[in-house]
Amino acid sequence: QVQLVESGGGLVQPGGSLRLSCAASRRLSSDYAMGWYRQAPGKQRELVASASSDGSTNYADSVQGRFTISRGNAKNTVYLQMNSLKPEDTAVYYCNARLGAFGFWGQGTQVTVSS
């Protein structure tokens, strides 16, 4: 029912910034909880940032103060602003939209932080 496409990943030097975008195939109401996850080689997929249906946001300790999740005004796009990037941020980043028991994933976008 919902297709998600991430974009904005790439290669960036330590200390740099990237803005990831997640475009939905349809407008998503605020009832959807949105999240960004990442998975690095040899590690479990982890929640990086989330925006709940009540408007609250949550961040992993490792990205607190550096990453920001936000919704576009049209509510068909979700962003992840990433600042002060570190090599340990290197991972495939996935967008997720969830409504009750239904969850949807994007294809993922690679973020590599390296000099």
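Since the structure is predicted, the reported quantities are computational estimates derived from the model, not experimental observations.
- Rounding to the nearest 0.5 Å gives a distance of 10.0 Å between CG of Asn96 and OG of Ser50.
- Closest heavy-atom contact between Arg71 and Tyr32: NH2-O, 2.6 Å.
- Side-chain N or O atoms of Asp89 include none that pairs as donor or acceptor with a backbone N or O of Val113 at under 3.5 Å.
- In terms of modelled atom types and a separation under 3.5 Å, the side chain of Arg38 and the main chain of Val92 share no donor-acceptor contact.
- Counting heavy atoms from C-beta on, the side chains of Ser52 and Thr57 never come closer than 4.5 Å.
- A cation-pi geometry, defined here as NZ or CZ lying under 6.0 Å from the six-membered ring centre and within 45° of its normal, holds between Arg45 and Tyr94.
- Scanning all heavy atoms of the two residues, the minimum distance from Thr77 to Ser21 falls at CG2-CB, 4.4 Å.
- A distance of 10.0 Å separates OG of Ser17 from CZ of Arg66, quoted to the nearest 0.5 Å.
- Using a 4.5 Å heavy-atom threshold, the side chains of Trp36 and Cys22 count as touching.
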For the pair Met82 and Val111, evaluate side-chain contact (heavy atoms from CB on, under 4.5 Å) and give the outcome as yes or no after the intermediate values. CA-CA 10 Å; Met82 305 186 294; Val111 172; 3.9 Å; yes
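- A 4.5 Å side-chain heavy-atom check between Pro87 and Ser114 finds every atom pair outside the cut-off.
- Counting only heavy atoms from C-beta outward, the side chains of Arg19 and Tyr79 approach each other to under 4.5 Å.
- Note: Tyr37 and Trp105 meet the aromatic proximity criterion, with ring centroids under 6.0 Å apart.
- Looking at Leu28 and Asn76, their side chains never come closer than 4.5 Å, going by heavy atoms from C-beta outward.
- Ser53 and Asp31 form no side-chain donor-acceptor contact under 3.5 Å, judged by distance and modelled atom types alone.
- When every heavy atom of Leu4 is checked against every heavy atom of Ala24, the shortest pair comes out as CD2-CB, 3.8 Å.
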Show your reasoning for whether side-chain contact (heavy atoms from CB on, under 4.5 Å) applies to Ile69 and Val78. CA-CA 7 Å; Ile69 186 172; Val78 180; 4.0 Å; yes
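- Annotation: side chain of Cys95 is in contact with side chain of Met34 (closest heavy-atom distance under 4.5 Å).
- What you find for Pro14 and Ser115 is that their closest heavy atoms are CD-N, 3.7 Å.
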Between Thr90 and Gln110, does the side-chain contact (heavy atoms from CB on, under 4.5 Å) criterion hold? Intermediate values first, please. CA-CA 8 Å; Thr90 296; Gln110 176 71 48; 4.0 Å; yes
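- Within a 6.0 Å radius of CD in Glu46, other residues, nucleotides and ligands contribute more than 12 heavy atoms.
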Would Gln39 and Tyr93 satisfy side-chain contact (heavy atoms from CB on, under 4.5 Å), going step by step from the backbone distance to the final call? CA-CA 7 Å; Gln39 187 165 24; Tyr93 284 72; over 6 Å; no
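- Ala60 and Leu47 get closest at one heavy-atom pair: CB-O, 3.5 Å.
- Using a 4.5 Å heavy-atom cutoff, the side chains of Val48 and Phe67 are in contact.
- A distance of 11.0 Å separates CD of Glu6 from CG of Leu80, quoted to the nearest 0.5 Å.
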